[in-house]
Amino acid sequence: MAGLRLYNTLTRSVDEFIPQDPQRAGMYCCGPTVYNYAHIGNLRTYVFEDTLRRTLRLNGYTPFHVMNITDVGHLESDADEGEDKMVKGARREGLDVWQLARKYETAWLADMALLNIERPEVICRATEHIDDMVALVERLLERGLAYVTSDAVYFDTGRFPRYADLARLDLHGLQAGAGGRVSQQGAKRHPNDFALWFMGRPRHIMQWDSPWGRGYPGWHIECSAMSMKYLGATIDIHCGGVDHIQVHHTNEIAQSEGATGQPFVRYWLHGQWLLIDSEKMSKSGENFLTLKTLCDRGYDPLAYRFFCFQAHYRSELRFTWEALDAAQQGLRRIYSMDPSDDPIKEPAERADARAEVLDSLNNDLNIPQMVGLLNRIGSPALWLEFDAVLGLDLAARLAQRDADVPQEIQNIVDQRNEARKRRDWSESDRLRDELTAMGYDVADTPRGTEIRKRVI
RNA sequence: GGCGCCGUACCCAAGUGGCUAAGGGAGAGGUCUGCAAAACCUUUAUUCAGCGGUUCGAUUCCGCUCGGCGCCUCCA
């Protein structure tokens, strides 16, 4: 049977996944920049990465998952212009930059937990790895791949021939065009060169000593330094949003491979945008929805997780409230399943169905197709088994739903049944409303009145 | 200027060179009920933006047109 296949941005094809170590799969995922709340578009990517790590486990690998927290502020360009978002955020909230970073890191971890996203084995803060970054920059200088100027240490892209590979950049086209990338800024020698370490920028609050003067690291270097520290020179899988392909990941490869001489990443996976009003949801824009906003509107966080499963991770997903309603309603139906009533009874039939579901998952994480199959097959046993990947908390919710009804609730049910015997419908309806308000659904069936805790 | 993506029913969407174009939601009808809710059953695209081409055959491959979007600057 075919194993796990993943779309690799490097090869632009779906490739069989073979980790370096047959037991263990290392993955590095670009984490949040903690100057504001994560929005649900950011969270979509973390849900994708979580399903990936769960899929690895289902296929028999032990995931070792590293995620960074970008808590160093970064200016909007290589030149000393624009504003540091951390500084801006800190001023907005009357906090210092360190407090700001911790506040949003904590909020982000809470969102991750609400979405049933498993905690990565390592969550590392950029500010706690400055020494590693400095050491890496020194190594690049020793190897002649970087140069020091008056304003920064730059990576010399001209010395790294494979620079354009991941993004399949047309370097000449970039130079001929009018985009921001071509502009010659600061003291760098070539427009494509990028900063590894900035110096002499008094407006930047977070500063550290370095061999080149007091300053702070370039944005890309943290991922190279930390992934190397926790996962070694070569990583099995590196994930991030599609926006990172052209600059961030391109630069990470240059730095990492320049320093180690080893391939940096074997499989590059990139998650697509969440769209709102047909545009990408962005942190700076107006179309910014947080998980808290969804919860405040009465949605279960797992309904958002389930919503993410509507589309493939490499497709744009259009967010609408109607679509979120559809997801929550669909999840509610799943939570109403009866595990004692399974249409699949024969072991052979179950094995076939299971193989079909697993194949859709292993085909580059085609979770929408997998969910469709699970719906069509309608086997609670399969739903429960594959919830190891879906993470919808099925077993727990079913247990919660079927838990014994507390005495005080049972008393109301009894009262209502007596009212019904008296054909006192208004009293009966009043008691039903009371039960509903307490989170219980009442159903009058031919077998009598049934009462169940509502779990979504 | 360069690179790239998308356009499938009312909504969110999966998918394939040729079997009935998944699934969910909404809508409609029904079962159940005192009435409900939930659940369950039935139903909803002769058609995959448009026009050409390749092919015995295309929604799926190629080209063009129209429409929407992204990256190249911080960005999931």
Side-chain angles (χ1 to χ4, degrees), chain A residues 29-33 35 38-49 70 73-79 81-85 164 167-183 185 219 239-248 250 270-275 278-285 306-307 309-312 314-338 360 366-377 420 423-426 428-429 432-433 436 441-446 449-450 452 454:
Chain A
C29 301
C30 289
T33 306
Y35 64 88
H39 58 64
I40 58 174
N42 302 128
L43 296 173
R44 180 187 181 201
T45 299
Y46 304 126
V47 168
F48 145 58
E49 291 159 353
T70 299
H74 292 287
L75 297 177
E76 287 162 5
S77 77
D78 280 356
E81 60 182 36
E83 192 167 20
D84 179 334
K85 288 180 178 174
R168 306 202 170 174
L169 297 174
D170 174 355
L171 296 176
H172 296 292
L174 284 173
Q175 286 159 52
R181 189 171 172 128
V182 303
S183 58
Q185 293 171 325
W219 173 45
C239 303
V242 283
D243 54 318
H244 282 154
I245 297 170
Q246 296 203 45
V247 178
H248 184 52
T250 287
H270 292 97
Q272 256 295 355
W273 302 121
L274 179 74
L275 264 37
S278 292
E279 287 178 2
K280 138 192 183 194
M281 185 174 288
S282 69
K283 256 182 178 169
S284 48
F306 190 59
F307 168 78
F309 296 158
Q310 299 303 301
H312 189 268
R314 284 194 286 118
S315 299
E316 291 172 340
L317 172 59
R318 285 174 272 203
F319 177 87
T320 63
W321 291 104
E322 189 184 0
L324 184 61
D325 277 333
Q328 174 140 305
Q329 198 55 40
L331 186 57
R332 185 169 283 147
R333 216 195 78 255
I334 293 166
Y335 285 157
S336 73
M337 69 172 59
D338 176 2
S360 61
N366 195 336
I367 291 184
Q369 188 174 71
M370 173 178 156
V371 168
L373 274 171
L374 287 169
N375 266 316
R376 199 166 38 150
I377 297 166
R420 293 185 74 227
R423 304 183 71 80
D424 183 351
W425 307 127
S426 64
S428 163
D429 289 349
R432 180 168 59 199
D433 290 346
T436 303
D441 288 327
V442 186
D444 300 314
T445 76
T449 299
E450 291 179 359
R452 272 187 164 177
R454 194 170 54 242

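So that the names make sense, note that chain A is the first sequence line, chain B the second, and so on, each numbered from 1. What you see below is based on every heavy atom in this structure, not just the backbone, and it leaves out hydrogens, waters and symmetry mates.
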Distance in angstrom units between Phe319(A) CZ and C12(B) C1', rounded: 11 Å

Sugar-phosphate only, base, or nothing, as touched by His270(A) at under 4.0 Å among non-hydrogen atoms: nothing

Please classify the nucleic acid contact of Glu316(A) as base, sugar-phosphate, or nothing, using heavy-atom distances under 4.0 Å. sugar-phosphate

Checking all strands, does Arg44(A) fall into the base, sugar-phosphate, or nothing category for heavy-atom contacts under 4.0 angstrom? nothing

Which of the following nucleotides, G25(B), G23(B), C71(B), is nearest to the side chain of Asp243(A)? C71(B)

Side-chain N or O of Ser315(A) closer than 4.0 Å to phosphate OP1/OP2 of A14(B): yes

Could you measure between the two P atoms, the one in G23(B) and the one in G29(B), and give it in whole Å? 23 Å

Any side-chain heavy atom of Thr70(A) within less than 4.5 Å of one from Tyr35(A)? no

Whole-Å C1' distance, A13(B) and G25(B): 11 Å

Please enumerate all residues that pass side-chain contact (heavy atoms from CB on, under 4.5 Å) together with Asp444(A), with sequence neighbours excluded. Arg416(A), Arg420(A), Arg432(A), Val442(A), Thr449(A)

Contact class for Leu43(A) (heavy atom, under 4.0 Å): base, sugar-phosphate, or nothing? nothing

Distance (rounded to the nearest 0.5 Å) between Phe306(A) CZ and Leu324(A) CG: 11.5 Å

So that I can compare with my own list, what are the stems of RNA chain B, taken as at least three consecutive Watson-Crick or G-U pairs with distances under 3.5 Å? B:1-7 with B:66-72, B:10-12 with B:23-25, B:27-31 with B:39-43, B:49-53 with B:61-65

So what does His244(A) touch, heavy atoms closer than 4.0 Å: a base, only the sugar-phosphate, or nothing? sugar-phosphate

d(CD1, Ile334(A); C1', G23(B)) in whole Å: 10 Å

Write down the distance separating the P atoms in A21(B) and A49(B), rounded off to the nearest Å. 16 Å

Pairwise C1' distance for C56(B) and A22(B), with rounding to whole Å: 28 Å

Can you check whether any acceptor in the base of C71(B) is under 3.5 Å from a donor in the side chain of Gln246(A), or vice versa? yes

Nearest-nucleotide 5' precedence on RNA chain B, Gly41(A) against Glu322(A): Glu322(A)

Rounded to the nearest 0.5 Å, how far does CG of Leu274(A) lie from OG1 of Thr45(A)? 9.0 Å

Check whether any side-chain heavy atom of Cys29(A) sits under 4.5 Å from a side-chain heavy atom of Tyr46(A), and report yes or no. no

Taking OH from Tyr35(A) and P from A76(B), how many angstroms apart are they, rounded to a whole number? 7 Å

Which whole-number value in Å describes the distance from Leu324(A) CG to G25(B) C1'? 11 Å

List the residues meeting side chain to side chain donor-acceptor pair (under 3.5 Å) with Asp325(A), not counting sequence neighbours, and say none if there are none. Tyr299(A)

Send over the distance from Ile367(A) CD1 to G15(B) P, rounded to a whole Å. 12 Å

Applying side-chain contact (heavy atoms from CB on, under 4.5 Å) to Ala323(A) and not counting sequence neighbours gives Phe307(A), Thr320(A)

Choosing from G70(B), G24(B), A76(B), which nucleotide comes nearest the side chain of Met281(A)? A76(B)

Which part of the nucleic acid, if any, lies within reach of Tyr46(A) when heavy atoms closer than 4.0 Å are counted: base, sugar-phosphate only, or nothing? sugar-phosphate

Touch check for Gln272(A), heavy atoms < 4.0 angstrom, all strands: base, sugar-phosphate only, or nothing? base

For Arg332(A), give me all partners under side chain to side chain donor-acceptor pair (under 3.5 Å), at least two apart in sequence or on another chain. Gln329(A)

Which of C12(B), A14(B), G70(B) is nearest the side chain of Gln369(A)? It is A14(B)

Gln272(A): side-chain contact (heavy atoms from CB on, under 4.5 Å) partners, not counting sequence neighbours: Arg44(A), Val242(A), Glu316(A)

Rounded interatomic separation in angstrom, taking CG from Leu274(A) and C1' from C6(B): 15 Å

When you compare U47(B) with U59(B), how far apart are their P atoms, in angstrom units rounded to a whole number? 11 Å

Between Phe307(A) (CZ) and A13(B) (C1'), how many Å, whole number? 10 Å

Are there any protein N/O atoms within less than 3.5 Å of an N/O atom in nucleotides 33-38 of chain B, and if so, which ones and at what distance?
unit_1: G34(B); atom_1: N7; unit_2: Arg420(A); atom_2: NH2; d: 3.2
unit_1: G34(B); atom_1: O6; unit_2: Arg416(A); atom_2: NH2; d: 3.3
unit_1: G34(B); atom_1: O6; unit_2: Ser428(A); atom_2: OG; d: 2.9
unit_1: G34(B); atom_1: N1; unit_2: Asp429(A); atom_2: OD1; d: 2.9
unit_1: G34(B); atom_1: N2; unit_2: Asp429(A); atom_2: OD2; d: 3.0
unit_1: C35(B); atom_1: O2; unit_2: Arg432(A); atom_2: NH2; d: 3.0
unit_1: C35(B); atom_1: N3; unit_2: Arg432(A); atom_2: NH1; d: 2.8
unit_1: C35(B); atom_1: N3; unit_2: Arg432(A); atom_2: NH2; d: 3.1
unit_1: C35(B); atom_1: N4; unit_2: Arg432(A); atom_2: NH1; d: 3.0
unit_1: C35(B); atom_1: N4; unit_2: Asp444(A); atom_2: OD2; d: 2.9
unit_1: A36(B); atom_1: N6; unit_2: Asp444(A); atom_2: N; d: 2.9
unit_1: A36(B); atom_1: N1; unit_2: Val442(A); atom_2: O; d: 3.1
unit_1: A36(B); atom_1: N3; unit_2: Arg432(A); atom_2: NH1; d: 2.9

If the condition is side chain to side chain donor-acceptor pair (under 3.5 Å), which residues does His248(A) pass it with, not counting sequence neighbours? His220(A), Glu252(A)

At less than 4.0 Å, is any side-chain N or O atom of Asn375(A) found next to OP1 or OP2 of G23(B)? Yes or no. no

Gap between atoms CZ and P, on Arg168(A) and C5(B) respectively (whole Å): 11 Å

Check if the side chain of Gln310(A) and the base of G23(B) share a donor-acceptor pair of N or O atoms closer than 3.5 Å. yes

Heavy-atom nearest nucleotide on RNA chain B for Cys30(A) versus His312(A): which residue maps closer to 5'? His312(A)

Is Gly240(A) touching bases, backbone alone, or none of the nucleic acid, heavy atoms closer than 4.0 Å? sugar-phosphate

Tell me whether Arg452(A) is salt-bridged to Asp441(A), with the criterion being a basic N under 4.0 Å from an acidic carboxylate O. no

When the P atoms of C64(B) and C6(B) are considered, how many whole Å apart are they? 16 Å

Considering every strand and a 4.0 Å limit on heavy-atom distances, what is the contact class for Ala326(A): base, sugar-phosphate, or nothing? base

Asp424(A) meets the side-chain contact (heavy atoms from CB on, under 4.5 Å) criterion, sequence neighbours left out, with Ala419(A), Arg422(A), Ser426(A), Glu427(A)

Can you check the distance between C40(B) and A26(B), where both ends of the measurement are the P atom (answer in whole Å)? 11 Å

